[in-house]
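Everything on this sheet refers to the single structure shown next.
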Amino acid sequence: MSTSAHGPQPEQTSTLLLIDGHSLAYRAFYALPTDNFRTATGQYTNAVYGFTSMLINVLGAEAPTHVAVAFDVSRESFRQTEYAEYKAGRAKTPPEFAGQVDLVQEVLEAMNISVVTKDGYEADDVLATMATQAAEAGLSVLVMSGDRDCLQLSNDKITVLYPKKGVSEMARMTPDAIEDKYGVSPENYRGLAALVGESADNLPGVPGVGPKTAAKWIAKYEGLDGVIAHIDEIGGKVGESLRENINNVLRNQRLNKLLTDVVLPVEIADTERRAPSREAVHQLFDALEFRVLRDRLFADSGPDESTAEAFTVETERHGPDGLAAWLQGIGTPAGLAVSGTWRHGSGDIDLLAIAPAAGTVDADAGNEQPRVGVIDPSALDTEAENALANWLADADVPKVMHDAKGPSQALAARGLPLRGLTCDTELAAYLLHPDQRTYKLDDLVMRYLGRTIEIDESDDGQLSLDLDGDAAADTALGSNAAGVRDLAKALDGELEKIGAAGLLTDLELPIQRVLAGMETAGIAVDSDRIARLEDMFSDAAERAADAAYETIGRQVNLGSPKQLQVVLFDELDMPKTKRTKTGYTTDADALTDLFAKTEHPFLAHLLDYRDNIRLKQTVEGLRKAVSDDGRVHTSYQQTVAATGRLSSTDPNLQNIPVRTTAGRQIREVFVVGKDSGGRAYESLLTADYSQIEMRIMAHLSGDDGLQAAFRAGEDLHNFVGARVFHVDEADVSAEMRSKVKAMSYGLAYGLSAFGLSRQLKISVDEAGGLRDEYFARFGGVRDYLQDVVEQARRTGYTETIKGRRRYLPDLTSSNRQRRDMAERAALNAPIQGSAADIMKLAMLGVDEGLRHGELGSRMLLQVHDEVIIEVASGEADAVEELVRDKMANAYSLDVPLDVNVGHGKSWHEAAH
DNA sequence: CGCATAACGTA
DNA sequence: CGTACGTTATGCGC
């Protein structure tokens, strides 16, 4: 580390920071409101937050070289042995506090701070021992505790930090400060405390004697021993009281002495400060929703962070002259960054930055760090543009980018298709941690490289920088290119470590290209049909609303659950439904129940209104999403779903209604269209996997019965129903079938007997009996499900058939709700995620097959277990054969994969 | 205007 | 008190 004229001077002596973990967490708990500190999962975090905040503050302010945090390991210590009433009668720990100490310890672990405990002793004794040892070894010591007993430790080497108000202010209790505040020296503080007593510890002192009187006596007789020696000279009522309660005082004095000779499992040297574990902190702070704290931690503390350097890059503009030669000579993999705009599968670019691989030498300058080239494609002549196009399209020139799908579409729109992408740092980061909310480049560069990066993001996350040789824009874009180049290396290494490099290279990167093509293609819609449907649903909604108003004699906003609750539960006095956070639910299930009970027509009209207004909104959304080419171009999100599924936005085409006849009409507006040259396609083809998740369950569990069902090729739920209910398959009733169907799928979601009973409207006993019967016949399923959770708890993650991980740290949470949620996620993630893997493999096969067979048909949509293809004229049979083959053989399970295919002029028609 | 909530569509 | 998503309107608070 180099010395600098600026900033704090390096400490001449080492400083040990010692913290009483439980005491400070408890302080924080009462200093901050519980309500404002709750995660989405309901975990209270106010104590964790306050503790962590104080910790970060003190680390920044005091810059200690050694840090340790002590915790009480149990409620029993030698003090209870001596005085059974010690700390008795304390209020029970508030439930909101429970579990937060565990989280504090997780924070400390992530920050690489030593935690010290010792059975049979209190944290204060541990602190006192360590403080004394360290002071003897010549360190200066800070003891941070909310327990006033620690004040006795204060001396010229040891300072006590005592929390004042809130979590941000600390009093530095040096010997002078203690003298000022209490009128006694630190050595005499124990005596004062013994006289006064400590109600929190259930240690009564001398009634009538407060800190003032006690200090006066101690000063006069030079300590508590002197007070006791002259006990008969003290007059008045308080003197009487002292003599009556002298045994209290003597006991208090024995108990409030902190031990300095505890045998500890650590040496001072073991507590040397280490940099936080970047990964662990991110993961934990994400879970705790500590965004600001994370920024504070990484902004101003830690030996590692303080040296964080910005990417400083030198850029050079490449115009028409010499671009071709420069591209020829640069080292790879090169980092690419693009500024421009992109959405709906198209776009345009302003600038392109290319950061050659580090270590390659600039031909002209001989720089160790090669300069980043910045190119304005619109400023090139034909020859230079061709050189750029060839370089970008060359699959043998390795390139890395961040979130390449949009930029690649913008480049393609300009006639600059991109090939040779060996890493997309967003996809790589997603594979490493699929449940992060965002994967912004600057965050990842900070997280994996410990460096800052200049970023200029517009609200849609796209880089949009000034044109015309703005040097700042070039530098910003250039540092992005350099950042992504170096980040890719780090992420590739991390992926290798967990055996997931192939997932990036062979699955996510190629599927990104396929998705880019699907987005650009879009799907044709019948705009007239959209308009008619919108009117129809709108009219129906209006009629339903009027009818509803009629029944209650006034108008209300039927879209407002709050107003509906007034009508239903106050005015109509209906029985209360299930509680929500803010009142009583008015969801469709509850309204249907209410209607069965009351037969009030308002409910029927309200449900009718809901259905129609919702359909109207869906259609309206589609109408507004139609592009000039008469098609709807959705966006596929590849890094959102923690299981590995895709998601679809703007508009979401993965939740177009299908269950009701009215809803299915919406699928009729998605129709076969024309290509960009105006040539009509022949039809739409839909292909979907039948029961893929249950097949994966059969495969993963190895259950003989379930596998036999699929090999026999018969109706799964009928097969299962016959065995669960001990009847012939011909005698499985519709009711039995629907019960086992719900059971089967419920298992893959971690459904409880209670949940199953509620869904099927049967008793909990019956639901439990159903589950027992199920497991009696399909024991492999039960064993598998137990095993999945057990293994995930042990390793910390679940895995799909392709090795896609999902980390579930909450499996070991002390919070039951969080733990249960994590268990259900653990049950489902391998199943849902493996299905996603298989579908991605199938899409790659189909895409490759279409290109290899030089077919003009193209994939348009994916809806988790279904793909929709626009079939070029004369290709229907060939495409069907291809799709059946690629989907059925995408991955070899122990049971066959069954694929349904349909053709039609519309999505609805094709689904038949 | 941003945010949380309730509701509801899909696999 | 069943997983995974995205969108909408309402209503609150800044």
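A note on names: the letters A, B, ... follow the listed sequences, proteins ahead of strands, and every chain is numbered from 1.
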Letter per nucleotide, 5' to 3', of nucleotides 4-11 of chain B [B base touched, S only sugar-phosphate touched, - untouched; heavy atoms, 4.0 Å]: -SSSBBSB
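Regarding A:Q563, its CD atom lies at a distance of 9 Å from the P atom of C:dT10, rounded to whole Å. Atom CD of A:E620 is separated from atom C1' of C:dT8 by 10 Å (rounded to the nearest Å). When the C1' atom of C:dT8 is taken as reference, atom CG of A:L558 falls 16 Å away, rounded to whole Å. To the nearest angstrom, P of B:dC3 lies 13 Å from CZ of A:R437. C:dC5 atom P lies 14 Å from atom CZ of A:R824, rounded to whole Å. Atom NZ of A:K616 and atom C1' of C:dA9 are 11 Å apart (whole Å). As rounded to whole Å, 14 Å separates atom P of C:dT3 from atom CE of A:M697. Between the C1' atom of C:dG6 and the OH atom of A:Y636 lies a distance of 13 Å, rounded to the nearest Å.
Counting any heavy atom pair closer than 4.0 Å across all strands shown, A:N557 reaches sugar-phosphate atoms only and no base atom. Within 4.0 Å (heavy atoms only), A:R816 reaches no atom of the nucleic acid at all. Heavy atoms of A:G755 sit under 4.0 angstrom from primed sugar atoms or phosphate atoms, though from no base atom. Looking at heavy-atom distances under 4.0 Å, A:A642 makes contact with sugar-phosphate atoms alone, never a base. Using a 4.0 Å heavy-atom cutoff across all strands shown, A:D820 reaches no nucleic acid atom at all. Looking at heavy-atom distances under 4.0 Å, A:T618 makes no contact with the nucleic acid at all.
Of all heavy-atom pairs between A:V901 and A:H903, the closest is CG1-NE2, 4.1 Å. A pairwise comparison of heavy atoms in A:D435 and A:A642 identifies CB-CB, 3.8 Å as the closest pair. The two residues A:E773 and A:V724 make their nearest non-hydrogen contact at OE1-O, 3.4 Å.
Taking the six-membered ring wherever Trp is involved, the centroid distance between the rings of A:F595 and A:H600 does not fall below 6.0 Å.
Rounding to the nearest 0.5 Å places CD1 of A:I511 at 7.5 Å from CG of A:D847.
Residues A:P434 and A:Y745 each lie close to DNA chain C; by heavy-atom proximity, the contact nearer the 5' end of the strand is made by A:Y745.
To the nearest whole angstrom, the two P atoms, one in B:dA4 and one in C:dG2, are 24 Å apart.
Here the options are A:D898, A:I838, A:I831, the test is side-chain contact (heavy atoms from CB on, under 4.5 Å), and the partner is A:I692; only A:I838 passes.
Counting atom types as modelled, A:Q759 pairs a side-chain N or O with a base atom of C:dG2 as donor and acceptor under 3.5 Å.
Of the side-chain N and O atoms in A:S752, one or more sit less than 4.0 angstrom from OP1 or OP2 of C:dG2.
The shortest side-chain heavy-atom distance between A:F569 and A:T577 falls under the 4.5 Å cut-off.
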Working for side chain to side chain donor-acceptor pair (under 3.5 Å), residues A:T649 and A:Y636: CA-CA 6 Å; A:T649 62; A:Y636 286 104; over 6 Å; no
